[in-house]
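Here's the structure we're looking at; comments come further down.
Model, not experiment: these values are computed from the prediction.
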Amino acid sequence: SVPSKLILDRSLNRSLKSLAQISRQLRKDFPRTQLELLANEGCIQHCPYKVNHDAAISTVNDRSAHSVIAINQARDAGFDVSRLNEDLGCIRHFETQVEDVLKIPFIRPEDLKLYRDYFDVLKIAGRTKSNDFLFKAVGAYVSGYWEGNLLD
């Protein structure tokens, strides 16, 4: 079975040569498969917590009865999923190694034109963020320009 879409690993955002090679090969082997790039995820480059982040975010955003029950049981037992990243993950890491913010493999809105040949869909991270954040992020990528604080 051929996948309808593939989300390419965000580490490719910092290697246009590798991204180009992989994109060309995937388009050759799977011409009907859409390729997606994640533009603005704020996780540490080569994050050791990445799998845990993704699982926690997926669980928090999954509205199935099973997930809601699991989240409520965890909360009742004193486990706060939303604090996990702040206490044990990237947020804590960035507090002591601020310079690593510049190593995050995000795509600047100004550089998007360099990537256009290598993807079909640009994915904007932020489903746990506010509407204000999402409007700013989408606006920056649509216009190809962001004037403001990098941390925003």
For I44, what residues pass the side-chain contact (heavy atoms from CB on, under 4.5 Å) criterion, not counting sequence neighbours?
C47, Y49, C90, H93, F94
Could you pull out all residues at least two apart from T33 that satisfy side chain to side chain donor-acceptor pair (under 3.5 Å)?
none
Nearest heavy-atom approach of E41 to R10 is OE1-CD, 3.1 Å
Taking every heavy atom of V98 against every heavy atom of E95, the minimum-distance pair comes out as CG2-O, 4.2 Å
Could you pull out the closest heavy-atom pair between A140 and P109, with the gap in Å?
O-CB, 3.3 Å
Of all residues at least two apart in sequence or in a different chain, which pass the salt bridge (Lys or Arg N to Asp or Glu O under 4.0 Å) check with E36?
K5
Contacts satisfying salt bridge (Lys or Arg N to Asp or Glu O under 4.0 Å) that involve residues 130-139 (not counting sequence neighbours) are D132-K136
Measure the CG-CG distance between N13 and D111 for me, rounded to the nearest 0.5 Å.
10.5 Å
Determine the minimum heavy-atom distance between N40 and K123, stating which atoms define it.
OD1-O, 4.1 Å
Report the hydrophobic cluster partners of F133, with the cluster defined as I, L, V, M, F, W, Y residues connected by side-chain heavy atoms closer than 4.5 angstrom, directly or transitively.
L134
Do you know which two heavy atoms are closest between P105 and C43, and how far apart they sit?
CD-O, 3.9 Å
Is there side-chain contact between K17 and Q21, with at least one heavy-atom pair below 4.5 Å?
yes
Hits for salt bridge (Lys or Arg N to Asp or Glu O under 4.0 Å) against D117, two or more places apart or cross-chain, chain-then-number order -> none
Measuring from S11:OG to H46:NE2, what's the distance to the nearest 0.5 Å?
6.5 Å
Residue list, salt bridge (Lys or Arg N to Asp or Glu O under 4.0 Å) with D120, at least two apart or on another chain:
R27
Using the side-chain contact (heavy atoms from CB on, under 4.5 Å) criterion, which residues pair with D76? Sequence neighbours excluded.
none
Residues that E147 engages under side chain to side chain donor-acceptor pair (under 3.5 Å), provided they are two or more places apart
Y145
ILVMFWY clustering at 4.5 Å (side-chain atoms), partners of L112
V2, L6, L8, L12, L16, L19, I22, L26, F30, L35, L37, I107, L114, Y115, Y118, F119, L122, I124, V138, Y141, V142
Output all residues satisfying salt bridge (Lys or Arg N to Asp or Glu O under 4.0 Å) with R14, sequence neighbours left out; order by chain, then residue number.
none
Counting only heavy atoms not in K28, do more than 12 fall under 6.0 Å of its NZ?
no
Heavy-atom side-chain proximity of W146 to E110 below 4.5 angstrom:
yes
If you group Ile, Leu, Val, Met, Phe, Trp and Tyr whenever their side-chain heavy atoms sit less than 4.5 Å apart, what else falls in with L38?
none
